[in-house]
Asker: 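Here's a structure for you.
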Protein chains: 2
Amino acid sequence: MNEMKSELEIFREFLKNKGMRYTPERETIIKEIFDTHDHFDVDSLYISMRQKDIRVSKASIYRLIPLLIEANLIEAVFFEGGQMYYEHIYGHEHHCHLRCINCGRIQEFADPRLRDIEQELADRFSYQIIRHKLEVTGLCPECRNRQD
Amino acid sequence: MNEMKSELEIFREFLKNKGMRYTPERETIIKEIFDTHDHFDVDSLYISMRQKDIRVSKASIYRLIPLLIEANLIEAVFFEGGQMYYEHIYGHEHHCHLRCINCGRIQEFADPRLRDIEQELADRFSYQIIRHKLEVTGLCPECRNRQD
DNA sequence: GTATCTGCAAACCCTTTGCAATAAG
DNA sequence: CTTATTGCAAAGGGTTTGCAGATAC
């Protein structure tokens, strides 16, 4: 029991509900995103697909991203150096990011207190909370020792 | 006692230490930023200055922002609709943002548990923490009732 | 006096979009 | 068959930059 649908199945249903089409291009992009265990930006995703001889246009990637976000399969995690970075979230526990401001290294972490904070904000300000994003920046052990 | 330096004094010293110059343009931009009690983006700051007949080029604003961030006078708070929003932080308690995804309304809040979380992350991962940014998104009371 | 700063306009770069050909359902 | 999607290339739009004149110090 507790069979979990794959991201492809989820997305296929999502598209069907919107009267949209499931195409090979969309499928290969999603596969590539979910095969990557890292955060990604459009350009590096595009390059990594080209290196594997998977031909899709950047426009198709750009057009797909808002759909994947709406379907709750990916999330924008941070904006850095003029571009947005995303990560796939389907099938993963929600987590936050501790990022080294010097080398870019990212440490993921989760903290149960954030749920409490969300709940209290909902009560206090009568908001319906959708999500939270906690980004902590600092210097990782290596960069700290190099005192950059 | 406990005389607090003004943002202008702080910045003047910051520039001096870097062998840079304190100009009337820089001064008027900082004044405008600190007179505004809201978050701002470059374009609206520029427009609001022009309306008061203060003439500075956008380029000067863009060139000033990284300096103000380095001097810890302002901070980038979120990226939305293709542009970055900032707020002045000097002289204010650190706080986080609860943002309505529908109308853009922002509720500020602070939570002491975030300091604890920072401290624990520092211990656990040996990072030297610089700052945190918690962004909570949801629907404000009004937008929630309109069920957008 | 000298090196920094300013304004302007052009360049940049990520992202979006119009269009004609293609393909999903 | 009909309507959505694709790739391409051009347009958009925020941000950066080269340059010549102005100006802090």
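Sequence lines set the chain letters: A, B, ... in the order given, protein chains first and strands last, and positions in each chain run from 1.
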Asker: Expressed in angstrom and rounded to an integer, what is the separation of B/Phe40 atom CZ from D/dT15 atom P?
Answerer: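 Atom CZ in B/Phe40 sits about 11 Å away from atom P in D/dT15.
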Asker: Under a 4.0 Å N-O cut-off, is there an ion pair linking B/Asp111 with A/Arg113?
Answerer: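 Answer for the salt bridge query: no.
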Asker: Who pairs with B/Ser44 by side chain to side chain contact (heavy atoms under 4.5 Å, CB included), at least two apart in sequence or on another chain?
Answerer: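 For B/Ser44 the side chain to side chain contact (heavy atoms under 4.5 Å, CB included) partners, ignoring immediate neighbours, are B/Asp41.
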Asker: What integer distance in Å separates A/Glu27:CD from D/dT5:P?
Answerer: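 One finds 15 Å between P of D/dT5 and CD of A/Glu27, rounded.
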Asker: For nucleotides 3-15 of chain C, give me one character per nucleotide, 5' to 3': B if any protein heavy atom sits under 4.0 Å from the base, S if the only such contacts are to the sugar-phosphate, - if neither.
Answerer: BBSBBB-----SB
Asker: Between B/Phe34 and B/His88 (judged by ring centroids, cut-off 6.0 Å), do the two rings come close enough to count as a pair?
Answerer: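 For B/Phe34 and B/His88, the ring centres are under 6.0 Å apart.
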Asker: Would you kindly give the NZ-to-P distance between B/Lys18 and D/dC25, to the nearest whole Å?
Answerer: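 So the NZ-P distance, B/Lys18 to D/dC25, works out to 16 Å.
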Asker: I'd like to check the side chain to side chain contact (heavy atoms under 4.5 Å, CB included) partners of B/Phe79; sequence neighbours left out, ordered by chain and number.
Answerer: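 Applying side chain to side chain contact (heavy atoms under 4.5 Å, CB included) to B/Phe79 gives A/Phe79, A/Met84, B/Met84.
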Asker: If the condition is side chain to side chain contact (heavy atoms under 4.5 Å, CB included), which residues does A/Glu13 pass it with, not counting sequence neighbours?
Answerer: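 By the side chain to side chain contact (heavy atoms under 4.5 Å, CB included) rule, A/Glu13 matches A/Lys5.
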Asker: Whole Å only: how far is the NZ atom of B/Lys16 from the P atom of D/dC25?
Answerer: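 My rounded result for the distance is 9 Å.
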Asker: Give the angle between the helix axes at the two ends of the helix from C/dG1-D/dC25 to C/dG25-D/dC1, taking five base pairs at each end and rounding to 10°.
Answerer: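 Between the axes fitted at each end of the helix from C/dG1-D/dC25 to C/dG25-D/dC1 lies an angle of 40°.
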Asker: Could you pull out all residues at least two apart from A/Leu45 that satisfy side chain to side chain contact (heavy atoms under 4.5 Å, CB included)?
Answerer: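 If we apply the side chain to side chain contact (heavy atoms under 4.5 Å, CB included) test to A/Leu45, skipping adjacent residues, the hits are A/Ile29, A/Glu32, A/Ile33, A/Phe40, A/Met49, A/Ile61.
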Asker: Which atoms form the tightest heavy-atom contact between A/Ala76 and A/Lys133, and what is the distance?
Answerer: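 Shortest heavy-atom separation between A/Ala76 and A/Lys133 comes out as O-NZ, 3.3 Å.
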Asker: Test salt bridge (Lys or Arg N to Asp or Glu O under 4.0 Å) on B/Arg55 and B/Glu25; report intermediate values, then the result.
Answerer: CA-CA 8 Å; B/Arg55 301 278 169 151; B/Glu25 289 82 2; over 6 Å; no
